[in-house]
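Scroll down for the structure; my scribbles are underneath it.
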Protein chains: 2
Amino acid sequence: MELKANDIINELVETKDIRITSQRRKILEILIENRDKHLSVEDIYNVSKKQGKSVAIPTIYRTMDILQKSGIVIKNDFGDGIAKYELYVKEKETIHYLICKRCGKIIEVTGLLPDNLNSHLLEEHGFQAIDTSLKIYGYCDDCMYQEGKFQ
Amino acid sequence: MELKANDIINELVETKDIRITSQRRKILEILIENRDKHLSVEDIYNVSKKQGKSVAIPTIYRTMDILQKSGIVIKNDFGDGIAKYELYVKEKETIHYLICKRCGKIIEVTGLLPDNLNSHLLEEHGFQAIDTSLKIYGYCDDCMYQEGKFQ
DNA sequence: ATACCTGCAAATGCTTTGCGGATGG
DNA sequence: CCATCCGCAAAGCATTTGCAGGTAT
């Protein structure tokens, strides 16, 4: 855990020239503790406050921006207009999201896209893919037979 | 053109109980004239103003909300936080978007997803898919060999 | 030493809402 | 008629920015 944070910090220091401050270390620790979740800036702020090391909201925004541009986090918007961040894990397959329009539950899925997608895009459309975002909105098991209300 | 607007209006009147006002008719006409584009609320406002029948911004938001919930338009966000609307065309295959991170160009593509995707999701995850959104961010032909600046 | 970072407050920009007057069916 | 809609102004809300003081290297 602490080790992982240091790994990421080392990568930050070595590859980009980004200063390591106590706030940035705290944010990275929170991201690592919650690597299975999608955190909003407010989430990160609340956790930092609860843990006694409150980091200001603008600082979090600025840090997430840096982390995203450095490829350390992925920025996501699941349709509610609030940015959600998660650590980028190199080894992991690209994750796709099934988003329930009724209860908001997010199911993570992999392997929906053809393996040769990126080379196909390059050949057919001259497009160099970097980030692929597949989000499928609909109704989860629990909500499917309830009245299909939007939110 | 005018015919199409009336078709949609008839559908509105028949299937939902939505009043037809001059503003809503104007908005539908603008959407039809620009069925190949992705219009922001501001775009629609500017066109309406230029055409001498200015529709107020809040009215456009309210109308787009109704049209979206009625399945007449698709709401999209291509990563800049500004909602873009387009007419939903039933016959059309699901469209995927290649979005250039440098110049912002949007290339529309179809057929990237397996045919049995929805039934697969239902069987494997108990998920009833309604809207599928595949957005791929990267660099277009023109921008690929330029310095890969974000925006 | 000094370039960069933080936190506060204020600004920004898209979107939403309250409300009095207007209008469609 | 009367429920619904429109336009204006103002409010909401996530995000960004200016700036004075603090910190990492």
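Lettering of chains follows the sequences in order, A, B, ..., and the numbering in each one begins at 1.
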Euclidean distance, atom CD1 of residue B:Ile20 to atom P of C:dG25 [Å, nearest integer]:
7 Å
Residues A:Lys105, A:Asp142: salt bridge by 4.0 Å N-O rule:
yes
How close or far is atom P of C:dT16 from atom NZ of B:Lys75, stated in whole angstroms?
6 Å
Protein-nucleotide distance (B:Ile57, atom CD1; C:dC14, atom P), rounded to Å:
9 Å
Taking A:Lys75 first and then A:Asp65, would you say they form a salt bridge - that is, a charged N and a carboxylate O separated by under 4.0 Å?
no
Is any side-chain N or O of A:Thr21 closer than 4.0 Å to OP1 or OP2 of C:dT6?
yes
From CG of B:Asp65 over to P of C:dC14, roughly how many Å is that when rounded to an integer?
18 Å
What's the CG-C1' distance between A:Asp77 and D:dT15, to the nearest Å?
13 Å
Selection from D:dT15, C:dC5, C:dC14 that lies nearest to any side-chain heavy atom of B:Ile82
C:dC14
Does the side chain of B:Glu108 come under 3.5 Å of the side chain of A:His125 through a donor N or O and an acceptor N or O?
no
Could you work out which one of C:dC4, D:dT4, C:dG7 sits closest to the side chain of B:Arg19?
D:dT4
Mark yes when over 12 heavy atoms from residues, nucleotides or ligands other than B:Asn116 sit less than 6.0 Å from its CG; otherwise mark no.
yes
One would report the end-axis bend of the helix from C:dA1-D:dT25 to C:dG25-D:dC1, five pairs per end and rounded to 10 degrees, as 40°
Give a yes/no verdict on a cation-pi contact between B:Lys135 and B:Phe78, requiring under 6.0 Å between NZ or CZ and the six-membered ring centre and an angle within 45° of the axis.
yes
Side-chain contact check for B:Gln23: nearest option of D:dC6, C:dG25, C:dT6 is D:dC6
Give the rounded distance in Å between these two atoms: CZ of B:Arg24 and C1' of D:dT4.
8 Å
Basic-acidic side-chain contact under 4.0 Å: A:Asp43, A:Lys37:
no
Mind checking whether A:Tyr139 and B:Phe127 have ring centres under 6.0 Å apart?
no
Under 3.5 Å, is there any donor-acceptor pair linking the side chain of B:Arg62 to the base of D:dG7?
yes
Just to confirm, is there a sub-4.0 Å distance from OP1 or OP2 of C:dT16 to any side-chain nitrogen or oxygen of B:Tyr61?
no
How close or far is atom P of C:dG13 from atom OH of B:Tyr45, stated in whole angstroms?
17 Å
Provide, to the nearest angstrom, the distance between the CD1 atom belonging to A:Ile18 and the P atom belonging to D:dT25.
12 Å
Return the 5'-most residue of the pair A:Thr63, A:Pro58 with respect to DNA chain C, ranking by each residue's nearest nucleotide.
A:Thr63
